[in-house]
Amino acid sequence: METLQAIFTRRSIRHYTKDPVSAETVQKLLEAGMSGPSACDFQPWHLVVIDDRKILDEIPTFHAHASMLPEAPMAILVCGEPDVSRYWQQDCGAAAENILLAAHDLGLGAVWLGLYPRENRTVPMRKLLNIPENVSPMALIVMGHPNEQKPPQGKFTEEKVHRNRW
Ligand SMILES: Cc1cc2nc3c(=O)[nH]c(=O)nc-3n(C[C@H](O)[C@H](O)[C@H](O)COP(=O)(O)O)c2cc1C
């Protein structure tokens with residue numbers, strides 16, 4: 001898939017088949033995440049692959065918008081280290097978007113679940129996965145083989161474009 005085609009056709013996918021995601025595909029997703037830009041190239045991210053059914057099913061108990069988890073074969077948690085870079089949130093956002101686009105390119109469906117800065121989500125997530133205090137869980141990318149199809153949205157809005165001055 002061409003890069004622009006992937007960007008324009010990616011959608012949040014919340015229904016998945018029961019098929020597992022292969023180890024080879026997971027490796028590509030991880031490499032895509034870590035290929036993103038980061039301030040000073042500090043790469044303040046950590047990626048946690050979650051495919052333990054019990055852990056996946058636990059997440060909706062503290063995340064109100066995670067009802068797709070019981071259907072999903074896996075997720076990748078994007079975490080950041082604030083001590084490594086003051087731009088960790090932006091860097092992790094770039095990693096998360098790279099994973100979403102790579103998943104789409106590889107024929108998977110994925111959705112970004114927000115965690116940081118909501119402590120009612122980051123604290124239980126840290127506890128569930130034994131994440132150290134100096135690492136912030138930032139975004140959970142839930143994914144699997146898609147069991148729904150969505151058309152491109154076409155979100156371009158000319159009114160939000162400003163040229164030279166506002
Ligand atoms: C920071 C962030 C947090 C999000 N949190 C959730 C979430 O908790 N649950 C969910 O189902 N979707 C979540 N989404 C996905 C958005 O709902 C989705 O991107 C938006 O509705 C646009 O749809 P699209 O991704 O298909 O273009 C989140 C997206 C972002 C970027």
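Whatever order the structure lists them in is the order used to number ligands and atoms, beginning at 1. If you're wondering where the values come from, they're calculated on a predicted model, not measured in any experiment. What's counted below: heavy atoms across the whole structure, side chains too, no hydrogens, waters or symmetry copies.
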- Please list, chain by chain and in numerical order, all residues satisfying side chain to side chain donor-acceptor pair (under 3.5 Å) with N120, sequence neighbours excluded.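 None.
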- Are any of the side-chain heavy atoms of E71 and V142 separated by less than 4.5 Å?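 No. Closest side-chain heavy atoms not under 4.5 Å.
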- Query: Hey, quick one: are V78 and V111 part of the same hydrophobic cluster, counting side-chain heavy atoms closer than 4.5 Å, chains of contacts allowed?
  - Reply: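 In one cluster: no.
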- Task: Check the angle between the aromatic planes of H162 and W166 and answer parallel, tilted or perpendicular using the 30° and 60° thresholds.
- Result: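 Parallel.
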- Measuring from each atom of ligand 1, which residues have a heavy atom under 4.0 Å away?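 Residue list for ligand 1: R10, R11, S12, R14, H63, H65, M68, V111, W112, L113, G114, Q153, K155.
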- Quick check: are there more than 12 heavy atoms from other residues, nucleotides or ligands sitting under 6.0 Å from CG of N134?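 Enclosed: over 12 neighbouring heavy atoms sit under 6.0 Å from CG of N134.
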- Message: More than 12 heavy atoms of other residues, nucleotides or ligands under 6.0 Å from OH of Y87: yes or no?
- Response: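 It does not: Y87 OH has 12 such atoms or fewer within range.
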